[in-house]
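The structure presented is a predicted model; accordingly, all values stated were derived computationally and were not measured.
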Amino acid sequence: MNKENLKWYDRKRNWCGLPWTFTKYGLSENRLYVETGFFTTKLFDVRLYRILNTNMSRTLIQKIFKMGTIHIDSSDKDLGCYDLINVKNCQYVKELLDEQIESERIRNNVSVTEFGK
């Protein structure tokens, strides 16, 4: 995951908003990246047009520290349904993600109904 080509990059944060975890999130023009692990690193990516739905939820603690969880439903076999947990400025990130998803669907001439579960 090359940070220079990403529109958004952040780390998963712990319960008090500090980025002291080994999970990294990134968003490029056409993919969402999730990198996990310290000793064994795994990198998952999903093409944005394969994302079917996004939701956002926030607990009281997340609201206090201005974070939230973005739930992603995709037709990708590796990532599938995934939660981006404790994302800083989650409303902004969700809107950015939704805009990128829609532009990728238009660019690739894909509609959601083509990926029925």
**Request:** Start with the C-alpha gap between Y33 and L27, add the side-chain angles, then the distance that decides, and say whether side chain to side chain contact (heavy atoms under 4.5 Å, CB included) holds.
**Result:** CA-CA 6 Å; Y33 298 95; L27 176 66; over 6 Å; no
**Item:** Evaluation steps, side chain to side chain contact (heavy atoms under 4.5 Å, CB included), between C81 and H71
**Value:** CA-CA 7 Å; C81 296; H71 178 76; 4.0 Å; yes
**Request:** Please assess C90 against R58 for the test side chain to side chain contact (heavy atoms under 4.5 Å, CB included), listing each intermediate value before the final yes or no.
**Result:** CA-CA 9 Å; C90 63; R58 297 173 74 194; 3.8 Å; yes
**Request:** Please report the C-alpha distance between L84 and T23 in whole Å, then the side-chain angles of each, then the deciding distance to 0.1 Å, and finally whether the side chain to side chain contact (heavy atoms under 4.5 Å, CB included) criterion is met.
**Result:** CA-CA 10 Å; L84 304 178; T23 302; over 6 Å; no
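Rounding to the nearest 0.5 Å gives a distance of 12.5 Å between CD of Q100 and CD of E95. The distance from the NZ atom of K94 to the CG atom of N89 is 15.0 Å, given to the nearest 0.5 Å. With rounding to the nearest 0.5 angstrom, the CE atom of M67 is 4.0 Å from the CG atom of N86. A distance of 10.0 Å separates CG in N53 from CD1 in I72, rounded to the nearest 0.5 Å. One distance of note links CH2 of W15 with CD of Q62; it measures 13.0 Å at 0.5 Å rounding.
In this structure, F44 is a member of the same hydrophobic cluster as L97, with clusters built from ILVMFWY side-chain heavy atoms closer than 4.5 Å. Taking hydrophobic clusters as Ile, Leu, Val, Met, Phe, Trp and Tyr residues chained together by side-chain heavy-atom distances below 4.5 Å, V87 shares a cluster with L96. Placement of W8 and L48 within a single hydrophobic cluster is found when ILVMFWY residues are connected by side-chain heavy-atom separations under 4.5 Å, directly or transitively. Placement of Y92 and I64 in two distinct hydrophobic clusters is found when ILVMFWY residues are connected by side-chain heavy-atom separations under 4.5 Å, directly or transitively.
Under the side-chain contact (heavy atoms from CB on, under 4.5 Å) criterion, V46 pairs with L32, R50, I51, S74, D76, L79, not counting sequence neighbours. Residues that satisfy the side-chain contact (heavy atoms from CB on, under 4.5 Å) test with S57, not counting sequence neighbours, are T69.
Looking at R11, its side chain never comes within 3.5 Å of a backbone N or O of Y25 through a donor-acceptor pair. In this structure a side-chain-to-backbone donor-acceptor pair under 3.5 Å is missing from E35 to K24. Formation of a donor-acceptor pair under 3.5 Å by the N14 side chain with backbone atoms of C16 is found in this model.
A heavy-atom distance below 4.5 Å is found between the side chains of E29 and K7. A heavy-atom distance below 4.5 Å is not found between the side chains of K12 and P19. At least one side-chain heavy atom of T54 sits under 4.5 Å from a side-chain heavy atom of I101.
Between E104 and N30 the shortest heavy-atom distance is OE1-CB, 3.3 Å. Nearest approach of D10 to R13, heavy atoms of both residues: OD1-NH2, 3.0 Å.
Using the six-membered ring where Trp is involved, F38 and F22 have ring planes that are tilted, between 30° and 60° apart.
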